[in-house]
Amino acid sequence: MNRKTGFFGILAMSILALAGPAFADELSGGDTAWVMTSSALVLLMLPGLALFYAGMVRSKNVLSTTMMSFICMGVIAIQWVVYGYSLAFGGGAHPLIGGLDTLMLSSISPETLSGSIPTYVFIAFQGMFAIITPALISGAVVERMKFSAFTIFIILWATLVYDPLCHWVWGEGGWLLELGALDFAGGTVVHISSGVSALAAILVLGKRRGFLKEQFVPHNLTMTLLGSGLLWFGWFGFNAGSSLAANGTAAMAFLSTNTASAAGLVGWLIIEKIKFGKPSALGAASGCVAGLVAITPGAGFITPAWAIPVGFIAGILCFQGVCLKNKFGYDDSLDVLGVHGIGGTWGAIATGLVATVGTGSLITGDIHQLWVQVIGVLAAATYAFVVTFIIIKVLDAVIGIRASEAEEIEGLDQSQHGEVGYSL
Amino acid sequence: MNRKTGFFGILAMSILALAGPAFADELSGGDTAWVMTSSALVLLMLPGLALFYAGMVRSKNVLSTTMMSFICMGVIAIQWVVYGYSLAFGGGAHPLIGGLDTLMLSSISPETLSGSIPTYVFIAFQGMFAIITPALISGAVVERMKFSAFTIFIILWATLVYDPLCHWVWGEGGWLLELGALDFAGGTVVHISSGVSALAAILVLGKRRGFLKEQFVPHNLTMTLLGSGLLWFGWFGFNAGSSLAANGTAAMAFLSTNTASAAGLVGWLIIEKIKFGKPSALGAASGCVAGLVAITPGAGFITPAWAIPVGFIAGILCFQGVCLKNKFGYDDSLDVLGVHGIGGTWGAIATGLVATVGTGSLITGDIHQLWVQVIGVLAAATYAFVVTFIIIKVLDAVIGIRASEAEEIEGLDQSQHGEVGYSL
Amino acid sequence: MNRKTGFFGILAMSILALAGPAFADELSGGDTAWVMTSSALVLLMLPGLALFYAGMVRSKNVLSTTMMSFICMGVIAIQWVVYGYSLAFGGGAHPLIGGLDTLMLSSISPETLSGSIPTYVFIAFQGMFAIITPALISGAVVERMKFSAFTIFIILWATLVYDPLCHWVWGEGGWLLELGALDFAGGTVVHISSGVSALAAILVLGKRRGFLKEQFVPHNLTMTLLGSGLLWFGWFGFNAGSSLAANGTAAMAFLSTNTASAAGLVGWLIIEKIKFGKPSALGAASGCVAGLVAITPGAGFITPAWAIPVGFIAGILCFQGVCLKNKFGYDDSLDVLGVHGIGGTWGAIATGLVATVGTGSLITGDIHQLWVQVIGVLAAATYAFVVTFIIIKVLDAVIGIRASEAEEIEGLDQSQHGEVGYSL
Amino acid sequence: MKKIEAIIKPHQQEVTIDALKAAGIQGMTVSEVKGFGRQKGQTELYRGAEYQVDFVPKIRIDLAVDDDMVDKAVEAILGSARTGKIGDGKIFILPLEEAIRVRTGERGPEAL
Amino acid sequence: MKKIEAIIKPHQQEVTIDALKAAGIQGMTVSEVKGFGRQKGQTELYRGAEYQVDFVPKIRIDLAVDDDMVDKAVEAILGSARTGKIGDGKIFILPLEEAIRVRTGERGPEAL
Amino acid sequence: MKKIEAIIKPHQQEVTIDALKAAGIQGMTVSEVKGFGRQKGQTELYRGAEYQVDFVPKIRIDLAVDDDMVDKAVEAILGSARTGKIGDGKIFILPLEEAIRVRTGERGPEAL
Ligand SMILES: Nc1ncnc2c1ncn2[C@@H]1O[C@H](COP(=O)(O)OP(=O)(O)O)[C@@H](O)[C@H]1O
Ligand SMILES: Nc1ncnc2c1ncn2[C@@H]1O[C@H](COP(=O)(O)OP(=O)(O)O)[C@@H](O)[C@H]1O
Ligand SMILES: Nc1ncnc2c1ncn2[C@@H]1O[C@H](COP(=O)(O)OP(=O)(O)O)[C@@H](O)[C@H]1O
């Protein structure tokens, strides 16, 4: 049992560990307050992500980039209530998928509890994860993917990729959970899955006109920095909320998250300083996100002190990651693979390397956990890549996923939304 | 009793319903934490609203638009502590108005409790509502109303419109509360009242120079989108905080709020797509606000599944609402009537149609509740309209409410505040 | 005991006062939830501060100004975990400094409690204070200080100024704590120390090229206003979180904070209206920060009603404060001394004047407390000034702290970071 | 052909363009500029200080016209951009040797 | 010497500048302007309303050239900025009496 | 009358305008432009890549002057805008046929 994690694992662990006043089937006001707060924080990551991404594109695409996050807030929030939650967390203890027994959240009322919190809170919190994950992918396809195609894509992707993966890792009976793969707050489910799906999508979508020839200069870096600040803030909910209780595990996850983010920021700036002589503001924004991604799978298992190397190395690895696209020539516009794919993978592995709280890892002599982590990464990455590739291929054949050349030149704000970002 | 709502009603209900560890007169840390968090979230809605509105005006009025929200944060926060709270929640159980017994919050100390939370927290939370409501009105009068006049207006309005209305609906003995009108988080008190007051104000104030002739293009839609993101985030406090406890009701309100917002966003985009062929970013920002407004009165009574049609219809209705001004020729600049008035009315009615938790409604065969809701809407709307009209007329006669034509042409940032928004 | 404050004092007080369900050595979910939320709120003040400051500089320095806040988030967050926390809160009960016994937070686990919350939460919360304080100083040195020098400066400053001061006021056995100096949330430790350190730094650094000759027009005031909104929001965590519990003291601190902020905003606008005929948006942003600074040391001791004059006078005093630099000719670019130094001093004194909850003050006939407050101010100001002056002098001699004239003319964004803020 | 460059107040832009169109001008190019002249800039507030910006925002209209249209265009501008207060701006007339329409390659007055 | 002012579509900026450089032009000055002409502005959405903006963003290239370079420059622009659709823009040629390089004080064609 | 167009470095704007005023110039119009020339743009960082922007921000000063002021104005610019490094910019002089003050309708040198 102490190897398992995800919702039920963590829940059990935290109750046993702290012997607090919270027992299953009795509502804890403190836990409920914290997980509601955390859910709100994760929701705020969407506008944060929108700013983070939108600041990096050219001004003619600022709104269309933002809209790719907002449409996830619209469409996936509904999908989750209608059937997504049920697919991920419903059903019996099937290893691969949930059930259809809680469609429309039927049978749940304000009195229904999940551990020490109302089930509605658990649904809300998990729903925010379902919303943000496809929004992360958007960073790779901005400036050229049709808005209509993206909208349909995220519904299919949430249904066919996210909901099953979520079940594998966090759902009752999910096979990765049973295997003992640790993913405290979504390194596998959220970051690796979005990173490799981004790659699959752009392989079909193709490069932006002028990629590697023209300079795609970020149009407003203050927006990106504010976005990264909101992401950092929201990530406390993402990670510390994942303990589903206001307890010592949440507290450690909170502090480890903050520390890894800081270390990621510093790591990225140092390598920039070495390579280019100057640390950049975009580097700071990117580095803290890299650190946050990397600590996500292990936030509840890794101490703040160990979070320093985890974050620092993430800053350096993701810096290398974003350089790959120039070498290999695929146009991962805002580096979803480079930051989320690579950062998430590193974080999942790092959990097997340095986790010391509530689990074993390499440094405690538990090499098995490391292997389990690797299996989790490979399984999730393969599944997400293959299914995404198929979805995108089919979508492209049926409705076409790419804006026309004229639309791309004009900018997607005008061509997809009939608007311009600024009339200063 | 089960028909009543507002603070005391909800409080009683939640205590009875969940039999949690919270009993009146004993402080609950979880509830206190949640309502403080919620209060902070609602405060953040002010800068959020300022951004939301300011992005839609021309750049020469960006600061003056922002200032109309900030001045509410300044002036009404003080008014509330000095006498506003006492007017709304003080006194005996008078049906129309509170008393003057808690001027300057005398007699309240850190030990004083309101249910399971310190009274100071209840005052803070309710104060945020008093602050945001007049700020909502500002959206109708921007780009031409004098800042000095607006400042005096909001003090009068808070005193003569908001505080009484708040007492009717949520104060001990308030007649709408006694009647059984349901307003979980302020559909009537906040949204309908601000919407119709906006209409009353602009009937006196008149149109902006060039209205319907020139194009008033939003000067910075990224600002509006960020604003809508902050509003969405803050609205969790607004609605889920209104249960005044971290319990199952709060949890449902939380999830229903998120769902309705999402559905409003989708509803607005779909009708735009149908009418203009393109869904717009401003439509997304407007749609989620419409959904949030509509779920406000029923957030604690309507399930997440029912929140989908409530939000979706709000998106479509409010879209129609904002079109009205072009037909009728009144200049509701940023659509306060169109979104808050219409959205709030729909939400109050919808509560009588589909509420199923802790109350009856049409779908549970309780047609009486629907009538009570209609009475609540009509009473609040009539009162707010008439009193606002009188306030504005008197103000106009005494000090003049409108900036001069030269000031309007020059922009209110320069003429009212001696500043310009941008020097990029 | 009832004179002492800081962490242990407050903790004891709140437990005694409210006789709630929280007893030392038992975890309270509500308290934990609230202090985690508060920690996240204080972290958000960093991007808030970055925006607040960055909007006021010229656009060629927008990123470098932002980066001075972000680098604190990176470097100090790590310093705190590695040894800063230990220096401030570790060791025996030494009057001047903590110890080295909790380097790398060794010996702390998720089960370790500080009062009713996990120690990890206490560390995180206090760490956010350590992060924001040097960031405040940056406002004085922007547009000309080298980024590399600033980075080294903050590490030295945190180690030699912040950590000791923090121990004096809040650490076990700290001499100001023992003396009975009241500093609820950091008036002395954070605001006075950053204000006078800013002065010491600019005396060595010198003025910006063109100071008092050219006009340094804020390049984007909407950014500054959003920043002030985020600061206001985050300050709820800063002040109400400082009670380290979700209780009546936190509740009062919450409401007093909101009220003082409002009063500061109004005070500043009124004096502007009197002096220049127009209240400005930058005045509103500055005024609320002045009010927030002033209420910080007394938030848990001063009632909301008394918070009105405290905030209002802060607005007026700090307005005068920012005018000083034009008279005396030192270039405190964004008025760190004028707002934080003066506001913090006023707040510390005001606590000795009008505090009535849990302590005596002048109005309760306790003149002794006032003297203790004055001693606290003088001791902290003198120490911070002298040590900062030495640090900066040494740094300047060793590596040079000022960007070259060419770099300053070109803008620090390009010269320090190789970027430009906007490419609209 | 002549090239007319008019510097006018931003708030007169709309009426001036309308007047030019009414006078038969079919195309023009507009840009935002900063003017230094007799008219002084606005008084702005900045944290306890009041100062005067030293430039005034202006709109520049560039207009290539055939010789016989010069007077009509000038009159249209004078009739619409004038507010009678300092800072109304200037009209400059320069000789224009050639005009070419990029799309068709047409030259001379037909290109306008 | 002549001064060439070309008004072109923003998306043709890059190819046009490249073409000019290829034609031997070593310096030029570019600015963003708004064009009013036959080409109509975009249709934009604004909360339940659709409207047409009345200007079109354009790029203006200013180019001082020696007389013998005029034709080459004009051809380079025509060859690169043309898309064949309305709104491709104009080229105006004005007489230029003097050109001075600030750094050296050189005058005439050498200053270009 | 002549029209002087000077392209200078942004950081020299202030001293140049001061020098022109000192030389007796009472009005001018300034705009922000992008320069392409011998001077290369800055090196910027962007997520693991370093690249050179291909333009340099410049300031353009437009100045209508009476013939006898041309030399004074040119000297004022040369004396103030020069830093001696590549990219200091250019001064162009064009013939100006007419100048009209919008407010009064005055024409010729009095309009300046
Ligand atoms: N000699 C000049 N050359 C170019 N532009 C000028 C000149 N003089 C004035 N201008 C422009 O005309 C504008 C108006 O001039 P100003 O002297 O303020 O008032 P008026 O238009 O009433 O003469 C200035 O802001 C400037 O843009
Ligand atoms: N007479 C003119 N003077 C100055 N600029 C002009 C003139 N006519 C057109 N322009 C500029 O040229 C652009 C293109 O002109 P337009 O009439 O739309 O199409 P076309 O280039 O095909 O003739 C306009 O947007 C405007 O900027
Ligand atoms: N032929 C030209 N026509 C118009 N503008 C030019 C021309 N040549 C240069 N410029 C402008 O002058 C600026 C400076 O020119 P550049 O060749 O960089 O250095 P220098 O001023 O030392 O000759 C350019 O950035 C450009 O704006």
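Every chain is numbered from 1 and lettered A, B, ... according to where its sequence line falls, protein lines coming before strand lines. Values in this document were obtained by computation on a predicted structure and should not be read as measured data.
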Visitor: Kindly give the heavy-atom pair with the smallest separation between Ser423(C) and Pro218(A), and that separation in Å.
Guide: OG-O, 3.7 Å
Visitor: Among Ser64(C), Ser69(C), Ser415(C), Gly227(C), who wins on heavy-atom pairs under 4.5 Å with chain A?
Guide: Ser415(C)
Visitor: What part of Ala250(A) is in contact with chain C, defined as an atom under 4.5 angstrom from a non-hydrogen atom: side chain, backbone, both or neither?
Guide: both
Visitor: What part of Ala54(C) gets closer than 4.5 Å to chain A, counting heavy atoms only: side chain, backbone, both or neither?
Guide: neither
Visitor: What part of Leu221(A) is in contact with chain C, defined as an atom under 4.5 angstrom from a non-hydrogen atom: side chain, backbone, both or neither?
Guide: both
Visitor: Taking all non-hydrogen atoms of both residues, which atom of Phe70(C) and which atom of Leu265(A) are closest, and how far apart?
Guide: O-CD1, 3.6 Å
Visitor: With respect to Leu255(A), which candidate in Ile123(C), Val121(C), Thr119(C) satisfies the side-chain contact (heavy atoms from CB on, under 4.5 Å) definition?
Guide: Ile123(C)
Visitor: Closest approach of Leu63(C) and Ala281(A), non-hydrogen atoms and distance?
Guide: CB-CB, 4.1 Å
Visitor: Examine whether an atom of Met73(C) lies under 4.5 Å from a heavy atom of chain A, and if so say whether it belongs to the side chain, the backbone or both; otherwise answer neither.
Guide: both
Visitor: Quick check: does any side chain N or O of His417(C) sit under 3.5 Å from a backbone N or O of Pro279(A), one acting as donor and the other as acceptor?
Guide: yes
Visitor: Given that the side chain runs from C-beta out, which part of Ile308(A) has a heavy atom under 4.5 Å from chain C: side chain, backbone, both or neither?
Guide: side chain
Visitor: Can you find a heavy atom in the side chain of Ile108(C) that is under 4.5 Å from one in the side chain of Thr303(A)?
Guide: no
Visitor: Which heavy atom of Gly248(A) sits nearest to which heavy atom of Tyr120(C), and what is that distance?
Guide: O-CD1, 4.4 Å
Visitor: Check each atom of Val420(C) against the heavy atoms of chain A and say whether the ones under 4.5 Å are side chain, backbone, both or neither.
Guide: backbone
Visitor: Is it true that a side-chain atom of Ser59(A) and a backbone atom of Leu424(C) form a donor plus acceptor pair closer than 3.5 Å?
Guide: yes
Visitor: Taking side chain as everything from C-beta outward and backbone as N, CA, C, O, which of these in Thr37(C) sits under 4.5 Å from a heavy atom of chain A? Side chain, backbone, both or neither.
Guide: both
Visitor: Does the Lys278(A) side chain pair with the main chain of Glu419(C), one donor and one acceptor, at a distance under 3.5 Å?
Guide: no
Visitor: Which atoms of Phe125(C) are under 4.5 Å from chain A, going by heavy atoms: the side chain, the backbone, both sets, or neither?
Guide: neither
Visitor: Which bit of Leu46(C) is near chain A, if near means a heavy-atom gap under 4.5 Å: side chain, backbone, both or neither?
Guide: neither
Visitor: Could you check whether any side-chain heavy atom of Leu43(C) comes within less than 4.5 Å of a side-chain heavy atom of Phe236(A), counting everything from C-beta outward?
Guide: yes
Visitor: Of the backbone (N, CA, C, O) and the side chain (C-beta and beyond), which part of Leu226(C) lies under 4.5 Å from a heavy atom of chain A, both, or neither?
Guide: side chain
Visitor: Checking heavy atoms, do the side chain of Val62(C), its backbone, both or neither come under 4.5 Å from chain A?
Guide: side chain
Visitor: Below 4.5 Å, heavy atoms only, C-beta onward: do Leu269(A) and Ile71(C) meet side chain to side chain?
Guide: yes
